[in-house]
Student: 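Shown below is the structure under consideration.
Quick note: numbers below take in every heavy atom, side chains included, and nothing from hydrogens, waters or symmetry partners. Note on naming: letters A, B, ... go to the chains in the order of the sequence lines (proteins, then strands), and numbering restarts at 1 for each one.
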There are 2 protein chains.
Amino acid sequence: MQRPTIKTIAQETGLSIATVSKALKHSPQVRPETRAIVIEAAERVGYELNMHGVQLRTGKTYQVAAIMTAPGPKQNEWEGVEYAQLLSGISWALEDSPYRVSLYAVRNFDESQAIIKQIVSLKKADGIIISGTRADDPRIRTMQAADFPFVTYGTSVHNAPHAYVDADNEQMIRVSMARLVERGHRRIALLNPLSDLSYGITRFESYRRALETAGLPFDPALVAHGRLTPAFGRENVLTMSDLSNPPTAYICANEASALGAFSGFHERGLVHGRDAVINATDDLNVSQYFAPPITTYYLPISEPSSLLGAYILRRMEGEPPEALQTLLMPKLIERCDDRLTAIR
Amino acid sequence: MQRPTIKTIAQETGLSIATVSKALKHSPQVRPETRAIVIEAAERVGYELNMHGVQLRTGKTYQVAAIMTAPGPKQNEWEGVEYAQLLSGISWALEDSPYRVSLYAVRNFDESQAIIKQIVSLKKADGIIISGTRADDPRIRTMQAADFPFVTYGTSVHNAPHAYVDADNEQMIRVSMARLVERGHRRIALLNPLSDLSYGITRFESYRRALETAGLPFDPALVAHGRLTPAFGRENVLTMSDLSNPPTAYICANEASALGAFSGFHERGLVHGRDAVINATDDLNVSQYFAPPITTYYLPISEPSSLLGAYILRRMEGEPPEALQTLLMPKLIERCDDRLTAIR
DNA sequence: ATGGACGATAAAAACGTTTAACTTCGTTGT
DNA sequence: ACAACGAAGTTAAACGTTTTTATCGTCCAT
């Protein structure tokens, strides 16, 4: 038996397919009684809308492209693991809509740019979600030029206003620095994402301002930019702890680099809380299982991800981007005092 | 300007759209000279195949559904993070094909079953990739009954033969146990996945056989089944280390539970290598950053994931499932000796 | 010469939906 | 009484492909 179509319902009810179509989408052109008949028949025959017909006719794809930047299959680093929860959050946010998440894995920025151009020009999706935004992001310009709906996870600086969701990195670093300074720290290291990423810049600038506020000197040796892998955290601890005047606190941009920093502590024989402390930003609530647990700024990744999903839906409905901008403040979770026992 | 279609090319070349269509798909019915003309015109006008037309006509979706089981947005546990790399591996394997990965995030087994029924009956995809297989998996039966192409990450026991990729859990546990026994361990704990999962059963049975081989008694207090979160690892170490005769080795089924086990060590004041050791299976190469680094069986998740992608493609081409079954043996990485200093 | 087979292309139908344009008929206002 | 109108449906075209069937020469065997 063939799958029923609107034609089936038309024959079943004696109406035309046009009326059936209109009835099913609640057009005001059809009488409530007629609609009831159509709905009844649709349920009776087990009708389900065939998207292919809709897509061809309307040109809409009902796909939301999620661009996921992950390192190539050769490098097996603990990186980008938060994408799993990001994607499921987005997927759930679209659950009650006709939209599906279509996944585009790319290896680097250039590939993401190429993919986006393709999606936009060939209309392979109705909306795009990207992350890893740069201060001046050409991908954003591409999408804006084509008037294509999109939402970014991360802000940009030099682009025209667009829909975004991000953690409030400025505030987070400011509060974090003030708290550490208050606890006696004078040499604070910043393990930062790649410097072309927008949030890397935000964090760095906030860091510098916090130093000024506290009257502390800026030392470039205490700032590192890189891919936020455990290796990155480890190597920077190894290097910085060898300085003649090593840091007593490390601010890590994610849980992966914090884990790596611990590995560096272990290698150098440093004791957390005695020689130095580690603070981090945590999306996955994993820092509580570190030994010892560390102080983190915790933003459950489900929050930004469901917002991203909600925003792309609203953006595709035509809502202006200015109304779809949110900075989320992570919650401070103090798992240790972070005063050095040696300093006291 | 409108996007060019085969009609555009037909007008451009003076041929019919039928010939253009055939020429573009290398049908033997069209003369090579004619084909050359068509190809040239297609390139000149910048023609790209419109999938919506194809989909409506052929009924194919060119979508591969990836079912991703992740805990709901409320629970923010470090769980399922390897999905990110699994998905990107699959996505890359499909890169040169016309297929795209369509993501379906579900919260539990029942939801995945419902989604799969829907995908199969409404033909929302041409192939399905699932994980978390059970010994007797009703989802597999659903797909087989409908003769629907699919590949599983994980084996099943009672189902008819199907395409799968998995780690060789039997061998891994056997080797792992023999190695620990050889190093003097007599009380070995198994931190296992949920007992309804196929690989949980495989691991458990292999564990029991290994005990028999070594002439060691089976103690149910040393085996735990559960969701492989850090919390699970931690709690079981807390419980088991309180036994009158606590284990001297913990075999963890993934890196998340191993991290949690470390957290339990820290809480109890246990020292790795003195009081007990932790061995694990590692997909993400993160155990090297634990303090201290531990011995793991490492299977870079890129390997199974690219196989999954390759297999679903071949399965959709009609290749029989028996030819598409692979068990991958993880590589043993000895990061410490794992002999207890106290035992010697 | 005639018929048939074959090779290359064209014509047309079909996939399932939406929507602009049109018909029909009853109601309303003058 | 009649034009104008509105409500509720219908007709038909269109979206871009693929594929079955038809057409039209050309070549070959008889």
Student: Between B:Thr34 and C:dA8, is there a contact of a side-chain N or O with OP1 or OP2 at under 4.0 Å?
Tutor: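 No, because none of the side-chain N or O atoms of B:Thr34 sits under 4.0 Å from OP1 or OP2 of C:dA8.
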Student: Just call it for A:Ser21: base, sugar-phosphate, or nothing, with non-hydrogen atoms closer than 4.0 Å on any strand.
Tutor: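 Touches a base.
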Student: Considering only C:dG16, C:dA10, C:dT19, which nucleotide approaches the side chain of B:Ala18 most closely?
Tutor: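 When the side chain of B:Ala18 is considered, C:dA10 is the closest of C:dG16, C:dA10, C:dT19.
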Student: Minimum heavy-atom separation for A:Ile115 to A:Tyr104, with atom names?
Tutor: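 Heavy atoms of A:Ile115 and A:Tyr104 come nearest at CG2-CD2, 3.8 Å.
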Student: By the 4.0 Å heavy-atom rule, please label B:Ile17 as base, sugar-phosphate, or nothing.
Tutor: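 The residue B:Ile17 makes base contact.
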Student: Go nucleotide by nucleotide along DNA chain D from the 5' end; which of B:Thr5 and B:Gln29 gets its closest nucleotide reached first?
Tutor: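 Looking at the nearest nucleotide for each, B:Thr5 comes out on the 5' side.
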Student: So if I take every side-chain heavy atom of B:Val30 and compare against D:dT17, C:dT19, C:dT9, which nucleotide ends up nearest?
Tutor: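 Minimum distance to the B:Val30 side chain belongs to C:dT9.
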Student: Should the pair A:Arg315-A:Glu319 be classified as a salt bridge under the 4.0 Å nitrogen-to-oxygen rule?
Tutor: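 No.
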Student: With no angle test and no hydrogens, is the base of C:dA8 tied to the side chain of B:Arg31 by a donor-acceptor pair under 3.5 Å?
Tutor: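 Absent.
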Student: Using five pairs at either end of the helix from C:dA1-D:dT30 to C:dT30-D:dA1, determine the angle between the two local helix axes and round it to 10 degrees.
Tutor: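 So the angle between the two local helix axes works out to 60°.
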Student: Would you say C:dT17 has OP1 or OP2 under 4.0 Å from some side-chain N or O of A:Tyr47?
Tutor: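 It does, given that an N or O in the side chain of A:Tyr47 lies less than 4.0 Å from OP1 or OP2 of C:dT17.
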Student: side-chain contact (heavy atoms from CB on, under 4.5 Å) between A:Phe150 and A:Thr152: does it pass, once the steps are laid out?
Tutor: CA-CA 7 Å; A:Phe150 70 99; A:Thr152 64; 3.8 Å; yes
Student: How is B:Leu49 classified with respect to the nucleic acid when contacts are heavy atoms under 4.0 Å: base, sugar-phosphate, or nothing?
Tutor: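 If one applies the 4.0 Å heavy-atom cut-off, B:Leu49 turns out to touch the sugar-phosphate alone, with no base involved.
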Student: Please classify the nucleic acid contact of A:Lys25 as base, sugar-phosphate, or nothing, using heavy-atom distances under 4.0 Å.
Tutor: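 Sugar-phosphate only.
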Student: Using a strict cut-off of less than 4.0 Å between a Lys/Arg side-chain nitrogen and an Asp/Glu carboxylate oxygen, indicate whether B:Glu48 and A:Lys123 qualify as a salt bridge.
Tutor: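 Result for this pair is no, no salt bridge flagged.
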Student: Give one of base, sugar-phosphate or nothing for A:Thr19, where a contact means two heavy atoms less than 4.0 Å apart.
Tutor: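 Contact class for A:Thr19: base.
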